[in-house]
Amino acid sequence: MDSDILASLNSAQSDAVTSQALVLQVLAPPGSGKTKTLTARVAHLIARHQLKPWNIIVCTFTVKAASEMKDRIQGFVGAEVAKQLKLGTFHSISLRYLKQYGQHIGLDKDFGIADTSDSKAIVKRIVKKNDLTIDATQARNRISTQKAKGIDCEQFMKGAKKGDQQEFGQVYRDYEATLKASNLLDYDDLLLRCGFLLRSHPQCVSNVEALLIDEFQDTNNIQYDLMTLFAQRQNRITIVGDPDQSIYGFRSAEIKNLTRMKEQWPDTLTINLEENYRSSGAILHAAQNIIEQDESRPPKTLQATHSHGLRPILRKLPSATGEATWLVSEVQRIQKMTGGLLQPSDFAVLLRSATISRPIEHALGKAGVPYRMIGGMKFYDRIEVKLIVDYLRVISHPDNSEAVARIVNMPARRVGEATIKSLLEEARSQDLSLWRLILDTVQGRRRPTTKLNDPSMKGLSIFVDVILCGHTKLLSSQTEAVILVDLVNLVVKKLSFQSYLTKKYPEDHEARWTNVEELIAQAIDASDPERLQAMLQENALPTIDGLEQRTASSLDDMLSLFLANIALTASTQEKAEQDGEKLQQLTISTIHAAKGLEWPVVFIPACYDGSIPHSRAEDHDEERRLLYVGMTRAQALLYLSCPIKNTKREETSLSTFLLQPGVSGFFEEHGPSIALSSVTGLATTLRRDCPSTAVINKDKRTLERDEDNYWSVNGEEPPEEIAKWDYGKGGGKFEPTRPAAVFSSAAVTMQQGFSTASAAVQPGFTSVKAQYDELMEKAVLQKVDKRAQQSNTTTVEEPPKGRKRQIEGQGSIESFFGKRSRPEPAVESKSKPTATVSSSRPLHEIRNPASHQRPKVAAPGLSSLLQHKPRNAPLYSKPTVNAHANRAPDNKYMFLSSSPPQPEPDENETSDTVPTSEAAHEDEPIVPKARPASTFHTTSMQSVAPQRKTLGVRLSRDGWANRGGRK
DNA sequence: ACTATATTAATTTTT
DNA sequence: TTAATATAGT
């Protein structure tokens with residue numbers, strides 16, 4: 001067994017795996033098999049050193065990484081053994097210790113977890129109450145920073161200077177008191193209290209034989225302390241990490257912890273892995289060049305094991321929507337050109353921030369490309385879900401005043417903001433929980449000082465009724481299997497939740513209702529006895545002689561567990577990855593959430609200043625590392641792109657990291673021509689079989705363009721757009737100008753966060769192209785003519801003022817139309833980049849003018865015409881109009897039901913969706929039909945796929961959203 | 001005086 | 001897509 005493990009490793013890796021060193025650091029650049037090494041070492045410790053899996057702790061930073069790690073370890077040691085490991089995020093492992101041993105440090109058995117919104121609400125209220133000038137979110141972050149340093153509020157107050165610091169200290173102290181009153185721990189508390197527990201009761205971890213930590217560069221000081229505490233018995237520690245991939249500075253990660261570790265244990269052995277097995281040479285070199293801009297960074301070697309491959313692309317596009325459309329067209333082009341070598345699941349779009357995913361989701365939806373979204377809005381953060389969960393939280397822990405305050409007037413019960421605030425303050429001053437105060441008031445045991453009018457009073461009693469009913473149910477129920485679902489159903493029924501949604505969200509209530517159904521489905525899953533057993537077993541810690549352990553078997557413990565899992569976004573199932581593969585979905589993810597993962601083709605859009613580096617980021621080195629992490633996710637093809645106008649239609653400036661001298665030499669300006677040799681190259685890099693020429697050629701024929709030449713390389717609007725506009729003006733009426741020739745107008749897309757089952761719609765481009773070509777040509781000629789008539793001087797006008805970056809208009813018409821057959825990048829000769837600065841280089845190169853078939857026009861370049869057109873000229877105003885047309889119904893959801901608002905008969909898009917069979921009626925118990933696990937997404941993803949009955953649908957902008965019968 | 005509703009602005013990354 | 005603010009209504 002052990003030899004099996006070692007067989008697949010290189011010498012450095014196997015040195016690391018088998019090292020006898022007690023404390024071991026493995027420093028490993030991206031793609032060097034870091035996780036593999038760590039998992040192999042776990043397997044080795046079990047197989048060779050006979051460590052018991054339950055005595056091994058494995059820590060990761062993200063939920064995603066934890067489940068990834070688990071999968072990998074399973075591959076080595078099997079599911080049974082893997083299950084026994086104590087594996088999870090720092091937070092979830094800490095939680096386990098606190099749940100089971102918390103009483104030893106005086107922790108109430110039933111503490112809840114304050115999530116971000118709780119914390120924010122608390123701080124906001126404190127700030128408001130005391131009329132402070134501090135920004136609430138800033139204060140919250142500051143509290144978190146202090147906690148991560150291990151400074152509690154009293155300590156802080158001691159050292160605080162007058163003024164701002166004193167004020168903040170007050171908030172900090174108040175915040176802590178509020179948490180305590182509501183019996184809540186925030187994320188930082190989980191780590192802090194666990195540290196406190198293990199310091200005072202080292203017995204808790206006396207069984208621990210080995211500790212392994214992934215992504216160690218992301219540890220903060222508290223986590224470092226936890227490391228030493230977890231391992232205190234035997235000090236057998238293995239960490240893997242890479243300073244270049246430190247991207248959690250905002251969470252107080254300390255890269256210094258690497259050296260601190262060496263100082264604490266001078267015998268620490270450090271092993272460097274240097275060979276990259278993931279990316280092509282070209283990608284690696286480009287990434288390397290970026291990261292080396294950081295001069296404070298110690299130089300490192302990173303050896304490519306793959307051939308040079310295709311150079312990464314740095315592409316300019318007119319706008320975010322244009323960028324999205326282009327991106328999708330490249331996904332489709334690459335897929336076709338490689339004859340099925342690549343599936344949608346081989347593509348990833350990595351974003352600096354999840355908020356900019358919208359145009360991309362829109363474009364993908366329009367083209368019928370299935371996708372899933374990781375990061376960003378989580379399922380449990382959706383208001384309709386969160387509301388129910390909050391009710392559960394209150395039923396479970398009525399003293400959680402935060403949750404009570406949030407739901408007491410939800411749905412609206414005429415208990416307004418002012419009343420809640422006043423009640424909260426009164427509760428606080430009486431040292432009561434909000435719930436206690438409200439309950440006593442409603443039941444006539446207490447006359448609150450807060451004035452309450454009749455409707456408010458009535459509202460309060462309705463609220464009390466709901467909670468009491470839930471609570472009774474919780475206490476009286478005997479069979480644990482049904483209780484969770486029953487509770488959810490009870491809440492939903494008591495609130496008339498469905499009609500509430502209908503009233504409050506007339507536009508998309510059905511989609512929201514589906515989310516509620518999904519929550520119910522999750523409750524069912526969580527109440528499944530087998531699943532519950534597995535979960536308890538996984539969460540259990542080994543019993544230790546002479547140490548009292550709390551058992552987690554009672555009913556409301558189950559509810560607590562369910563809620564805690566929600567708070568930590570810990571998944572109840574780990575099927576997501578496989579499902580993603582099976583369902584063939586493209587991945588959209590934040591770069592942060594993509595860490596540790598890889599894809600054959602990676603797109604990083606929005607590479608402009610303000611996005612990467614982010615405008616709010618203080619540490620630009622970290623932002624650079626972020627870009628580096630993103631780039632190094634790619635195996636075979638990497639696209640960076642930048643809209644030259646941001647969403648507000650202001651000019652953007654290419655990311656500073658990409659403007660550095662020499663950088664441009666590593667990139668192409670547009671997507672690669674895919675010759676047959678490239679396909680074989682890709683196949684080798686990906687270690688896949690190369691598809692046959694016949695297949696490739698067949699696929700190719702269904703493609704409208706086999707080159708990335710629709711969009712100009714300097715980011716201007718493509719000629720079609722201009723042509724269309726021109727014609728639109730002539731006709732007096734504006735015609736929507738999406739490049740219909742390129743993409744079919746599939747109205748069936750998916751709601752954000754939902755995976756779709758919609759089959760890809762075959763685009764019908766057949767004859768449209770020819771028409772377009774003609775149209776474009778005419779338009780351009782017309783333009784040029786007009787221009788020439790106007791004056792001869794205009795072409796040398798100064799460019800418009802206020803531009804951050806001037807874009808040279810040297811392009812000629814050929815470069816738009818001509819098929820520029822590009823030579824394969826000569827691998828060796830390119831390896832030495834030219835030292836040109838991209839911005840100073842002619843942006844429009846005509847690579848092969850002779851090949852184009854169209855009449856040459858000896859006239860000023862089209863791009864210069866564009867450039868110098870006055871602001872109020874139609875040429876400029878057109879995109880604005882377009883953007884408006886785009887906006888309105890974009891984020892509306894609609895549902896296909898058995899009696900849907902009927903689309904035009906000629907709309908064929910509905911055929912792909914599953915119609916809703918029936919709408920659930922309110923008084924019936926809501927029990928979604930069972931569905932196979934494979935259609936079901938876990939909660940670790942943001943996406944949850946309720947495919948069994950209904951499909952959430954986000955309509956494309958000019959679909960039948962407007963005809964759907966809303967107001 | 002308080003609550004509900006419409007408009008407007010702003011929007012990092014994760015546990 | 002929320003959060004804060006202004007306004008109308010109870």
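Since we're looking at a predicted model, the values are computed, not measured. Within every chain, numbering begins at 1; the chains are lettered A, B, ... in the order of the sequence lines, protein sequences first and strands thereafter.
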Check your understanding: What's the CD1-P distance between A:Ile143 and B:dT15, to the nearest Å?
Key -> 21 Å
Point to revise | Sugar-phosphate only, base, or nothing, as touched by A:Arg251 at under 4.0 Å among non-hydrogen atoms | key: base
Practice item. Calculate the interatomic distance between A:Ile383 atom CD1 and C:dA3 atom P; express it in whole Å. Key: 10 Å
Exercise for review: Assign A:Phe61 to base, sugar-phosphate, or nothing according to its heavy-atom contacts below 4.0 angstrom with the strands shown.
Suggested key: sugar-phosphate
Review point. Distance from A:Phe216 atom CZ to A:Lys34 atom NZ, nearest 0.5 Å?
Key: 13.5 Å
Point to revise | Side chains of A:Phe463 and A:Asn409 in contact at under 4.5 Å (non-hydrogen atoms) | key: no
Study note, to complete from the structure: Comparing A:Asp188 with A:Ala617, nearest DNA chain B nucleotide closer to 5' gives the residue A:Ala617
Check your understanding: Is any side-chain nitrogen or oxygen of A:Thr419 closer than 4.0 Å to OP1 or OP2 of B:dT3?
Key -> yes
Practice item. Please work out if A:Glu417 contacts a base, only the sugar-phosphate, or nothing of the nucleic acid, heavy-atom cut-off 4.0 Å. Key: sugar-phosphate
Practice item. Scan A:Thr116 against the nucleic acid and name what it touches under 4.0 Å (heavy atoms): base, sugar-phosphate only, or nothing. Key: base
**Study point:** Rounded distance (Å) that lies between atom P of B:dT5 and atom NZ of A:Lys503
**Key:** 10 Å
Review point. Roughly, in whole Å, what's the span from CG in A:Leu627 to P in B:dT13?
Key: 17 Å
Check your understanding: The side chain of A:Arg358 lies closest to which of these nucleotides: C:dT2, C:dT1, B:dT14?
Key -> C:dT1
Practice item. Provide, to the nearest angstrom, the distance between the CG atom belonging to A:Leu98 and the P atom belonging to B:dT15. Key: 18 Å
Exercise for review: Just compare B:dT15, C:dT2, B:dT14 and give me whichever is closest to any side-chain atom of A:Thr89.
Suggested key: B:dT15
Check your understanding: What does A:Lys124 touch in the nucleic acid at a heavy-atom separation under 4.0 angstrom: a base, only the sugar-phosphate, or nothing?
Key -> sugar-phosphate
Check your understanding: Taking only side-chain nitrogens and oxygens of A:Arg616, does any of them come within less than 4.0 Å of OP1 or OP2 of B:dT11?
Key -> yes
Review point. Where the side chain of A:Arg414 is concerned, which of C:dT1, B:dT15, B:dT3 is the nearest nucleotide?
Key: B:dT3
Exercise for review: Measure the spacing between CD of A:Glu518 and CZ of A:Arg512 and express it to the nearest 0.5 Å.
Suggested key: 16.0 Å
Revision key, fill the gap. To the nearest angstrom, the CD-P distance between A:Gln223 and B:dT14 comes to 15 Å
Check your understanding: Do the charged groups of A:Arg625 and A:Glu622 touch, with an N to O distance under 4.0 Å?
Key -> yes
**Study point:** Atom NZ of A:Lys129 with >12 non-hydrogen neighbours under 6.0 angstrom
**Key:** yes
Review point. When we call it a touch if two heavy atoms are under 4.0 Å apart, what does A:Leu190 touch: a base, just sugar-phosphate, or nothing?
Key: nothing
Exercise for review: To the nearest Å, give me how far apart NE2 (A:His592) and P (B:dT15) are.
Suggested key: 11 Å
Review point. Crowded around A:Glu425 CD? As in, over 12 foreign heavy atoms under 6.0 Å?
Key: yes
Point to revise | Whole angstrom value for the distance that separates C1' of C:dT2 from OH of A:Tyr505 | key: 11 Å
Review point. Under 4.0 Å between a side-chain N or O of A:Ser456 and OP1 or OP2 of B:dC2?
Key: no
Practice item. Determine if A:Phe250 stacks with B:dT13; use a centre-to-centre distance below 5.5 Å and an interplanar angle below 30° as the criteria. Key: yes
Review point. Across the strands shown, which category fits A:Asn409 at heavy-atom distances under 4.0 angstrom: base, sugar-phosphate, nothing?
Key: sugar-phosphate
Study note, to complete from the structure: Note: for A:Ala412 and A:Glu618 on DNA chain B, the residue whose nearest nucleotide lies more 5' is A:Ala412
